[in-house]
Colleague: 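Mind looking over this structure? Questions follow.
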Amino acid sequence: MADTGAAVRLSGLRKSYGATDALAGIDLDVRHGEFFSLLGPSGSGKTTTLRLIAGFEEPTGGSVELAGQDVTGLAPYERDVHTVFQDYALFPHMTVEQNVGYALKVRGTSRAERAGRVRDALALVRLEGHGRRRPAQLSGGQRQRVALARALIDRPAVLLLDEPLAALDLRLRGRMQAELKELQREVGITFVFVTHDQSEALSMSDRVAVFHAGRIEQVGTPAEVYERPATAFVADFVGASNLLSGEPARRVTGGPGPYSIRPERITLSAPAEDTGSGGAAHGAAGRTGASEHRASGTVTDVVYLGHAIRVLVDLDVGGRLTVLQHVGEPARDAAPGARVMLRWPAAHAVPLPADRIPGSHEDPGAHHGSPDPGAPATVPAPGRGPR
Ligand code: ADP
Ligand code: MG
């Protein structure tokens, strides 16, 4: 069988439940050895995709290939993949060793071989010495490691992970993120990792697919999806973003937009330092070559975030932009009511297709409505950190 070079290839993959299109047709290649994340809001089709790869569900249309082999009609146990579920799905009455070695036992692997491989798997997830405990005697993080050891004991070609860290508290999650990434490098297995947390996806992945309403909006490296979002939805979901469109966009940039502008790309200065009330300035004196956009406005709110300060500004040309100033940057004192000038490099106003305006972050289903005609010209998006 021809290896297409992809560890996982999904072609025109669809899944309907009655009238609901859980997946409206996706195409995706995951490369061998990649840490690949499926990122999207709740209900966008991430779990459905994993279940179709694992073979727990049959697609309504399209195909699944693993290492060049069409496995669409094969049962889960005939596919060289394992799944780690969010709730770990450990057997409570079995010890850690028995949980980890269960699949080998079912297959009739000898006791001696089993013991050796269980020991190796537990060492891999740093659980040596915990083999005789039961799941109830472990912390959440340790239980997650047992689930990982159980999934890795067979060294599957692909490991599917469905929000495996979502049940852990924030600190532990941060630690497990780093460990999981290290483990993946160590074993060299292809990981397909599901998360709704954009910071988790950006920090862990080689590449990310952004899901929305049963479709993939963009596939790229973390830097690509963050710096060059392909759609308004991606700009808004992956990090905080400003959307500048309509008349305000035209008056500030000369183009109709919509544009995505990251809050940390905007700098604040006093209005007196500039001439004019806004507009595009191309290579103006004192600036290094690149053209930049400028807009004057009035501060409406200042929020202290610890590492940064978030300033909301109502533009004179209409609309509102969010500016993120890192603490320690030479920053202009901003207080509500202050007059300010905003500037950003023109290259950081990323043009977006005009047909889709971000809506709610809960995807109600695959049938997304048309843009709201009453939507404001600019939409400030609050930061979306881990829950
Ligand atoms: P995610 O994992 O991104 O939160 P899912 O893949 O679980 O999303 O769900 C995608 C959509 O399919 C949702 O609208 C969900 O309600 C629907 N869905 C998922 N599984 C079923 C099912 N067994 N029956 C009916 N609808 C389902
Ligand atoms: Mg899910």
Side-chain angles (χ1 to χ4, degrees), residues 8 10-28 30 35-64 72 75-76 79 81-89 140 144 147-148 151 158-168 173 176-177 180 191-202 204-205 207-220 222 225 229-231 233-234 236-239 356 358-370 384 386-387:
V8 180
L10 309 179
S11 309
L13 197 61
R14 285 194 301 118
K15 180 69 184 175
S16 310
Y17 296 102
T20 309
D21 285 345
L23 270 190
I26 61 168
D27 297 293
L28 183 65
V30 178
F35 196 118
F36 194 97
S37 290
L38 313 184
L39 170 67
S42 173
S44 59
K46 308 178 300 292
T47 294
T48 301
T49 304
L50 275 202
R51 293 177 63 79
L52 289 168
I53 297 171
F56 300 132
E57 307 271 0
E58 263 186 61
T60 309
S63 67
V64 177
T72 315
R79 305 181 184 203
V81 304
H82 268 298
T83 308
V84 175
F85 299 96
Q86 183 179 335
D87 62 2
Y88 318 146
Q144 183 54 258
L148 272 171
V158 178
L159 190 63
L160 308 174
L161 304 106
D162 195 353
E163 312 229 13
L165 308 180
L168 306 178
R173 223 163 96 194
M176 285 298 288
Q177 285 170 359
L180 201 57
F191 275 30
V192 182
F193 181 88
V194 163
T195 181
H196 64 267
D197 180 339
Q198 53 101 5
S199 68
E200 189 165 278
L202 294 185
M204 297 181 76
S205 316
R207 289 191 305 149
V208 177
V210 183
F211 277 65
H212 177 214
R215 296 179 192 280
I216 294 176
E217 298 251 333
Q218 187 173 6
V219 177
V225 298
T231 65
F233 177 82
V234 174
D236 190 45
F237 190 74
V238 183
R356 289 166 98 172
S360 138
H361 288 277
E362 272 305 290
D363 278 11
H367 309 288
H368 217 64
S370 50
R384 206 163 296 102
R387 292 175 315 161

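Whatever order the structure lists ligands and atoms in, that order sets their numbers, starting from 1. The residues of the chain are indexed from 1 along the displayed sequence.
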Colleague: Relative to the heavy atoms of Ser44, which atoms of ligand 1 are at a distance of less than 4.0 Å?
Modeller: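 Taking each heavy atom of Ser44 in turn, ligand 1 has 1 (P), 3 (O), 8 (O) under 4.0 Å.
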
Colleague: Under 30°, 30 to 60°, or over 60°: which ring-plane class applies to His212 and Phe233, parallel, tilted or perpendicular?
Modeller: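 Plane angle under 30°, so parallel.
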
Colleague: Answer yes or no as to whether an N/O/S atom of Gln86 is found below 2.8 Å from the Mg ion (ligand 2).
Modeller: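 False for Gln86.
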
Colleague: Decide whether the shortest distance between a heavy atom of Pro41 and an atom of ligand 1 is less than 4.0 Å.
Modeller: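 Right, Pro41 reaches ligand 1.
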
Colleague: With Leu39, which of Val234, Asp197, Thr195, Leu202 fulfils side-chain contact (heavy atoms from CB on, under 4.5 Å)?
Modeller: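 So, applying the side-chain contact (heavy atoms from CB on, under 4.5 Å) to Leu39 and each of Val234, Asp197, Thr195, Leu202, only Thr195 qualifies.
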
Colleague: Please list, in number order, the atoms of ligand 1 under 4.0 Å from a heavy atom of Ser42.
Modeller: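 Selected atoms, number and element: 4 (O).
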
Colleague: Any idea which atoms of ligand 1 are less than 4.0 Å away from a heavy-atom of Thr47?
Modeller: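 Near Thr47, meaning under 4.0 Å from one of its heavy atoms, ligand 1 has 1 (P), 2 (O), 6 (O), 7 (O).
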
Colleague: Does Ala22 reach ligand 1 with a nitrogen or oxygen that is under 3.5 Å from one of the ligand's nitrogen or oxygen atoms?
Modeller: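 N/O-N/O distance under 3.5 Å: no.
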
Colleague: Has ligand 1 got any nitrogen or oxygen that is less than 3.5 angstrom from a nitrogen or oxygen of Lys46?
Modeller: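 For ligand 1, there is an N or O atom that lies under 3.5 Å from one belonging to Lys46.
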
Colleague: Arg79: which residues meet the side-chain hydrogen bond (donor to acceptor under 3.5 Å, both in side chains) condition with it, sequence neighbours left out?
Modeller: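 With sequence neighbours excluded, Arg79 shows a side-chain hydrogen bond (donor to acceptor under 3.5 Å, both in side chains) to no residue whatsoever.
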
Colleague: Have a look at Leu50 and tell me which of Leu161, Asp162, Val81 forms a side-chain contact (heavy atoms from CB on, under 4.5 Å) with it.
Modeller: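 Of all the options given, the one that passes is Asp162.
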
Colleague: Would you kindly say whether Ser16 and Asp21 are connected by a side-chain donor-acceptor distance under 3.5 Å?
Modeller: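 There is such a pair between these side chains.
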
Colleague: With side-chain contact (heavy atoms from CB on, under 4.5 Å) as the test, pick out the partner of Leu38 among Val210, Val192, Val208.
Modeller: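 The option that passes is Val192.
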
Colleague: Quick check on Gly40 - does any of its heavy atoms sit under 4.0 Å from an atom of ligand 1?
Modeller: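 Under 4.0 Å: no for Gly40.
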
